[in-house]
Amino acid sequence: MVNPKKKRLSYITVPTQHIQSLSSSPLHNLLISSSTSPKKQHAVNPPRTTRLFIFFSPTWFLICLFLCALLGTIKIGFHLPYSTLPCSSSSSFSPSSPYSFPTPTSLAPSPPVMGSENDFWRQPDGMGYRPCLKFSKAYRSKTEDGLGRKYLIVVVSGGMNQQRNQIVDAVVIARILGAALVVPVLQVNVVWGDESEFPDIFDVDHFKAVLADDVRVVSSLPSTHIRTRPVVEKRTPLHVTARWIRSRYLRRLTREGVLLLRGLDSLLAKKLSPDLQKLRCKVAFHALRFASPIMEMGNRLAARMRSKGGPYLSLHLRMEKDVWVRTGCLPGLSSGYDKIIREERKNRPELLTGRYKMDFHVRKLAGLCPLTVVEVTRLLKALGAPRNASIFWAGGEPFGGTTALSPIIKEFPNFYSKESIASKDELGPFLNKASMLAAIDYIVAENSDVFLPSHGGNMGRALQGNRAYAGHRKFITPNKRQMISYFMNSTISETEFNRVIKELHEGSLGGPDVKLMDGKMLRDVTAFPAPECMCNKTIKNDSFRFDSNS
C-alpha cells in the first residue's frame, strides 16, 4: 500500500536557457517562498537541460507545469521580457490599425517612435481647445424685426464651397440688419452647368432650426412683399464692416422692405464683434448640414475607406484644366499639355486671376501654383506616409486624365476616388451635379485621419476650419514657398530632402496657430475657429454642448 501522506517526487524538464529567467522571476520567488513548497533539487542531465525536483501535490504540479509552459512560450515565441509583476497585464491594440481615432486615453497605444511609419498618423496637439459658442446677453436680447417687414435675398455663386462661404456671410448680414433671410438662391454654375438649388445640397429644415434664435429663415417672400421693388446691390466692396452695412442698407431696407445682394464673395471683414464671429462658426459648423442623400452617400464611402484597414489619408488635388489656366501655372505633364494651357490662357486672358505680370517661374517660386502630382508624392514620402496607406482623392477630373495620376499611384497603390469605391448606380443620382459630388468628396475628406490640399482654395479652407473645430484633426498645409527650391534641387540627397521637408512642416500640421491668436493678424474664423469659437479652459460641459437654444 502506498502511504497517502508520503510526499511524491516529481520533476519538470526545463531548457537551461530559461533557468536564469525563472530564477529571477516572481514565479521563482513564489515557488521558493511558499512554506509548503518542497526544496528544489538539481539532477545531473545532458548539458542542454536541467531538472527541477519539486515535492508537491498533483494539483500544484499541474499549475506549475502550465505556468512554466506559458512563460517558455512567451520567451521563445515573442522575445518579450517577463513582467516584474506576477499578475500584470498590458493594454492591447490592433496592430492593423494602431491609430483609430478617437481612442480612449486608457486604451491608447504608446506614441510611435519619431520617424516611424505610424508617426505619420499622429494627430497634432489641440491644446485642449473645444467648441464653445456662448453668446453675450446683449446679443441674445436683440432679435430680428418681429413684424416681418425686412427681408434679405442673396444670390450666391461659384462652386459648392464658395457658396458655403457666401451663405455664412449672408446669415451674418441678415443679423446685422435685423432682417429675415430668404433661403439663399444658388446661381447656375457657368463652369459646370450645375442647376442644383439650396434644398438639393443642404438640409433646409436643419438650417432654419439651428439659426432660429439668431436669424429667421423663410422659404420665400410673403405675399405682402412679392410686388416690392427690392434694393439691389450687384457688387459690394471687399471686407466691409458691420457699421458700413448698416449705414449703407438699413435705411433703404426699412423703407423698401427687401434687399437683394449679389456677389457676396469675401464681402464681410475678417474682424467682427465676438458675437458675430461666433455666429459665423455656428452657421459654418452647425447650420450648414448637407441634405440626407448626400450625407448617406458620403458617410457610406467614408466607411468603405475605413474598412480597407487602419486610418486613411484624403487629398484634394487641384489638377483640373481650369485651375492651371486661372492660376497662370503649368501642370508639368509634358510640353504638349503645357502648350494647351498656354493657348487657353492666351485666348481667354480674363480667366487669369491676380498678379498678371508674373510669369510661370516667378509664380512657382512664390508658392502660388498648385503642387503637381509628382510634388505631392514626394511630399507624402518625405513626411513618412507609409506605402500601404489608403488614400482618397477628392477633386474633379485631372487635366491629362488618369495618366496624370500615375506617379502617385505607383508609390501609393491603395489610391481611391468616389468613382472607384462606389458603383455607377450609387453615383447615378449625383452625376452631372458638380456641387453634390463636391459635397460627397467633402464628407469623405472630413472623416479622414489626415487631409492634405495641393493648393488651398475654398474646400481646403473649409475643411481646415471643420477639422480644427472637430478637435484639430491633422491637416497638412504644404509650405510651398519655402520647399519649392528643394523640389527643384536635383543634387540634394533623399535623406536630407526628407529631413528638410519635415522641419518645414513641423508647425503646419493642423494644430492651433498660436501666432494668429495674438489678434494682430486678420484671419477667417471659419478656417481658424480658435480661440473665438473654441475654449481651452475648464468650463462646464454645457458650454461645449450645442443646441438651438445656445
Side-chain angles (χ1 to χ4, degrees), residues 99-103 121 123-124 126 129-131 159-165 167-168 201-203 206-207 210 280-308 310-318 389-396 416-419 421-422 426-427 430 434-477 509-512 524-530 533-534 546:
Y99 283 91
S100 298
F101 298 100
T103 305
W121 305 111
Q123 297 297 298
Y129 278 99
R130 299 174 63 187
M160 187 275 295
N161 290 288
Q162 192 175 358
Q163 291 171 346
R164 281 173 60 100
N165 295 339
I167 293 168
V168 171
I201 302 174
F202 303 105
D203 186 330
H206 179 80
F207 185 72
V210 170
R280 296 189 75 197
C281 292
K282 187 174 181 180
V283 180
F285 306 132
H286 295 282
L288 280 174
R289 186 171 71 184
F290 292 118
S292 295
I294 294 174
M295 289 289 292
E296 291 172 4
M297 176 57 69
N299 289 329
R300 188 185 310 163
L301 298 190
R304 287 179 188 170
M305 286 300 302
R306 186 74 60 194
S307 68
K308 297 185 182 299
Y312 73 93
L313 159 73
S314 58
L315 296 177
H316 186 216
L317 299 181
R318 305 303 309 278
S390 295
I391 298 179
F392 178 81
W393 159 51
Y416 308 96
S417 66
K418 54 185 175 294
E419 288 80 10
I421 59 175
E426 287 177 312
L427 290 179
F430 310 103
S435 293
M436 293 185 184
L437 293 174
I440 293 172
D441 275 343
Y442 189 99
I443 295 171
V444 183
E446 179 186 5
N447 282 278
S448 65
D449 299 272
V450 180
F451 177 80
L452 187 152
S454 65
H455 187 58
N458 290 304
M459 180 171 178
R461 284 191 292 272
L463 275 168
Q464 181 176 5
N466 201 307
R467 294 176 71 86
Y469 198 72
H472 289 93
R473 304 194 70 186
K474 193 167 186 176
F475 181 102
I476 302 173
T477 304
L509 301 178
D524 188 349
V525 294
T526 59
F528 301 94
C533 303
M534 303 181 77
F546 177 85

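Distance check, rounded to the nearest 0.5 Å: OG of S448 to CZ of R306 gives 8.0 Å. Between the CD atom in Q464 and the OG1 atom in T477 there is a gap of 5.0 Å [rounded to 0.5 Å]. Taken to the nearest 0.5 Å, the SG atom of C281 stands 11.0 Å off from the CG atom of N466. We find the CG-CG distance between L301 and N447 to be 10.5 Å, quoted to the nearest 0.5 Å.
Between I201 and M160 the shortest side-chain heavy-atom distance falls below 4.5 Å. The side-chain heavy atoms of P124 and F475, taken from C-beta on, include no pair separated by under 4.5 Å. The shortest side-chain heavy-atom distance between F202 and F290 falls under the 4.5 Å cut-off. The closest side-chain heavy-atom distance from P529 to F285 is below 4.5 Å. Between L313 and W121, the closest side-chain pair of non-hydrogen atoms falls below 4.5 Å. At a threshold of 4.5 Å between non-hydrogen side-chain atoms, the residues D441 and F392 count as touching. You'll find the side chain of F430 stays beyond 4.5 Å of the side chain of K418, heavy atoms only. At least one side-chain heavy atom of H286 sits under 4.5 Å from a side-chain heavy atom of Y469.
Looking only at distances, a side-chain donor or acceptor of S454 sits under 3.5 Å from a matching main-chain atom of H316. A donor-acceptor pair is defined here as one N or O able to donate and one able to accept, closer than 3.5 Å; no such pair exists between the side chain of E426 and the backbone of I421. Side chain of N299 to main chain of M295: a donor-acceptor pair is present (N/O by atom type, distance under 3.5 Å, no hydrogens or angles). The backbone N or O of A445 lies less than 3.5 Å from a partner atom in the side chain of R467, making a donor-acceptor pair. For R318 (side chain) and G457 (main-chain N/O), no donor-acceptor pair under 3.5 Å exists by modelled atom type.
Applying side-chain hydrogen bond (donor to acceptor under 3.5 Å, both in side chains) to R280 and the options T526, D524, N165 leaves one that passes, D524.
Judged by a 6.0 Å distance limit and a 45° cone about the ring axis, R164 is positioned over the six-membered ring of Y442.
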